[in-house]
Amino acid sequence: MIYHDTLEFAHQLDEQDALKAFRDDFLIPKHNGEPAIYLCGNSLGLQPKSAKNYIQEQLNAWEDNAVEGWFIGNEPWLKYHRLLLGPLSNILGAKETEITVMNSLTVNLHLLMVSFYKPTGNRFKILMEAGAFPSDQYAMESQVRFHGFDPKEAIIEVAPRPGETTLPTEDILKQIADNANELALVMFSGINYYTGQFFDLEAISKAGHEAGAIVGFDLAHAAGNVPLKLHDWQADFACWCSYKYMNSGPGGISGIFVHEKHFNDTSLNRFAGWWGYRKDKQFLMAPGFEAEIGAEGWNVSTSPIILMALHRASLNIFEKAGGLQSLRAKSEMLTGYLEYIIGRVNDKYGEDVYQIITPTEKNQRGCQLSVVCKRDARTIFNYLAQNGVIGDWREPDVIRLSPVPLYNSYIDVYKAAQTLFKALGAVK
Ligand SMILES: *Cc1c(COP(=O)(O)O)cnc(C)c1O
């Protein structure tokens, strides 16, 4: 694709965009009465206009049926979570039985660690990427301590080479192989939140298994962003949040994946609750936990129906849009355009003031570009915000910009770049 740095060109790409109508399905925040340039779907996705209706339906069901709502009505709450599994299985590349919807992300990470971090003898270490999202670091450290180990000894972090910011796949695979006898778990994010690097999850899964370890993924920045094939890649478990690229609202409900190869493994620990009990016998209220077969057996507590209704609003838009495959084609173009046009800003300024640290290869990134500002980064970020370009800031000098194919346009990207250029007039 040959890009051009003009408003006409951006406009033309929008005209040709088969997905352009989906922007109208979302509520875009305003800046001075005009739609803002919202490039922050990596942090909180926008609200689907339909969200209110999905919630209202459940408020109506509560009004009409009260407690009977668990069993009657168009969508009895007892099985409401299953309405989400079709779209989620497409987004995650999993069988419906391998997924369930529950809790929030860090809580789920802990629950999955109960089942899948099983240190024994020399095999007690966890290998993860250096600079993982802080909540994941805290979860790993506290899990390791819970089992009586010292995080300094038990956690191996794969770090970039000196002077680099991203991780070559070969370095990850080599460290897995080098520590093969000691690894209990390989735990990686799908996309690193800071750099935007999309890891080769299939290769990591394969290497982890060859090393005799369990392999888990945190897909917070990957789910709803890039196509995934958790089942085929043989991941043992995964978790994600839904409020980033899946637009389920602040603190929206999260989900987990457990590969079907573990369904019959009765040796797995779990912290059980009645919502994971065999559905056919749940209301016999008998003593002794018997898990539902599949990921659902990891459910703990009563379904939060309102959160699930919110999640469903956006998942149904994913389905209407033709799923991740069709969104991904636009996403590559949109992010490619942002990358190109930031390069043009540098050219016009006569200096590489904006340095993109996210990989250039399409299969190593999703929507997000992480941009290091070489001058007065905070002033630039503030200028963007004051001029209606919403990205987000990461210390010490990184601005993350994520054009999302469901609701961002090429004109958004064009205008964001214009603002990045004008911002340079404000720096010292
Ligand atoms: C966003 C994010 C989280 C947030 O976890 P919550 O439990 O939803 O607060 C955790 N881990 C990663 C990798 C994230 O990107």
Side-chain angles (χ1 to χ4, degrees), residues 39-46 84 88 91-92 100-114 116-117 126-144 155 157-158 165-167 172 185-199 201 204 215-226 228 230 235 237-257 271 298-301 304 307-308 310-311 314 357-358 364-370 390-395 398-402 404:
L39 300 179
C40 210
N42 56 295
S43 194
L44 181 66
L46 290 181
L84 312 181
L88 279 173
I91 287 173
L92 292 144
T100 197
V101 176
M102 61 185 204
N103 313 319
S104 43
L105 170 54
T106 310
V107 172
N108 285 340
L109 189 51
H110 278 296
L111 289 173
L112 287 164
M113 294 289 282
V114 167
F116 292 106
Y117 176 50
I126 300 176
L127 182 137
M128 63 192 296
E129 87 245 37
F133 193 88
S135 200
D136 299 44
Q137 295 182 33
Y138 309 148
M140 294 303 124
E141 286 166 15
S142 57
Q143 284 285 338
V144 158
I155 297 178
E157 292 190 334
V158 186
T165 45
T166 54
L167 293 176
I172 303 171
L185 175 67
V186 173
M187 181 73 220
F188 249 75
S189 70
I191 291 184
N192 179 273
Y193 80 102
Y194 192 86
T195 63
Q197 181 180 13
F198 178 21
F199 297 111
L201 302 183
I204 292 171
V215 178
F217 296 128
D218 183 334
L219 303 171
H221 282 267
N225 177 5
V226 288
L228 298 165
L230 291 181
F237 70 90
C239 49
W240 54 86
C241 55
S242 60
Y243 50 79
K244 291 173 181 165
Y245 291 100
M246 289 194 279
N247 315 309
S248 70
I253 192 157
S254 152
I256 65 160
F257 163 90
F271 285 171
W298 270 263
N299 275 64
V300 180
S301 287
L307 294 185
M308 290 184 177
L310 274 173
H311 195 4
S314 162
I357 57 172
T358 308
Q364 287 186 44
R365 70 183 186 199
C367 298
Q368 172 186 333
L369 294 182
S370 301
I390 304 170
D392 74 1
W393 172 258
R394 285 290 168 261
E395 293 293 341
V398 168
I399 298 174
R400 299 187 300 178
L401 301 171
S402 304
V404 169

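Counting starts at 1 for both ligands and their atoms, in listed order.
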> Could you go step by step and tell me if L88 and M246 meet the side chain to side chain contact (heavy atoms under 4.5 Å, CB included) rule?
Replying inline: CA-CA 10 Å; L88 279 173; M246 289 194 279; 3.8 Å; yes
Put together the list of close N/O pairs, under 3.5 Å, between ligand 1 and the protein, could you?
from: ligand 1; atom 1: 5 (O); to: T106; atom 2: OG1; distance (Å): 3.3
from: ligand 1; atom 1: 7 (O); to: T106; atom 2: N; distance (Å): 2.8
from: ligand 1; atom 1: 7 (O); to: T106; atom 2: OG1; distance (Å): 2.6
from: ligand 1; atom 1: 8 (O); to: Y243; atom 2: OH; distance (Å): 2.5
from: ligand 1; atom 1: 11 (N); to: D136; atom 2: OD1; distance (Å): 2.6
from: ligand 1; atom 1: 11 (N); to: D218; atom 2: OD2; distance (Å): 3.3
from: ligand 1; atom 1: 15 (O); to: H221; atom 2: NE2; distance (Å): 3.1
from: ligand 1; atom 1: 15 (O); to: K244; atom 2: NZ; distance (Å): 2.5

> With under 30° as parallel and over 60° as perpendicular, where do the rings of F133 and Y193 fit, or are they tilted in between?
Replying inline: perpendicular
>> Would the distance check show the side chain of S370 and the main-chain N or O of Y194 forming a donor-acceptor pair, the cut-off being under 3.5 Å?
In response: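 It does hold such a pair.
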> Taking C-beta and beyond as the side chain, do L230 and F217 meet within less than 4.5 Å on heavy atoms?
Replying inline: yes
>> Within the 4.5 Å heavy-atom criterion, are I191 and K244 side-chain neighbours or not?
In response: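 I191 does not reach K244 side chain to side chain.
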> For F188, what residues pass the ring-ring contact (aromatic ring centres under 6.0 Å, His included) criterion, not counting sequence neighbours?
Replying inline: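 Testing F188 for ring-ring contact (aromatic ring centres under 6.0 Å, His included), a comparison that skips the adjacent residues, returns F199.
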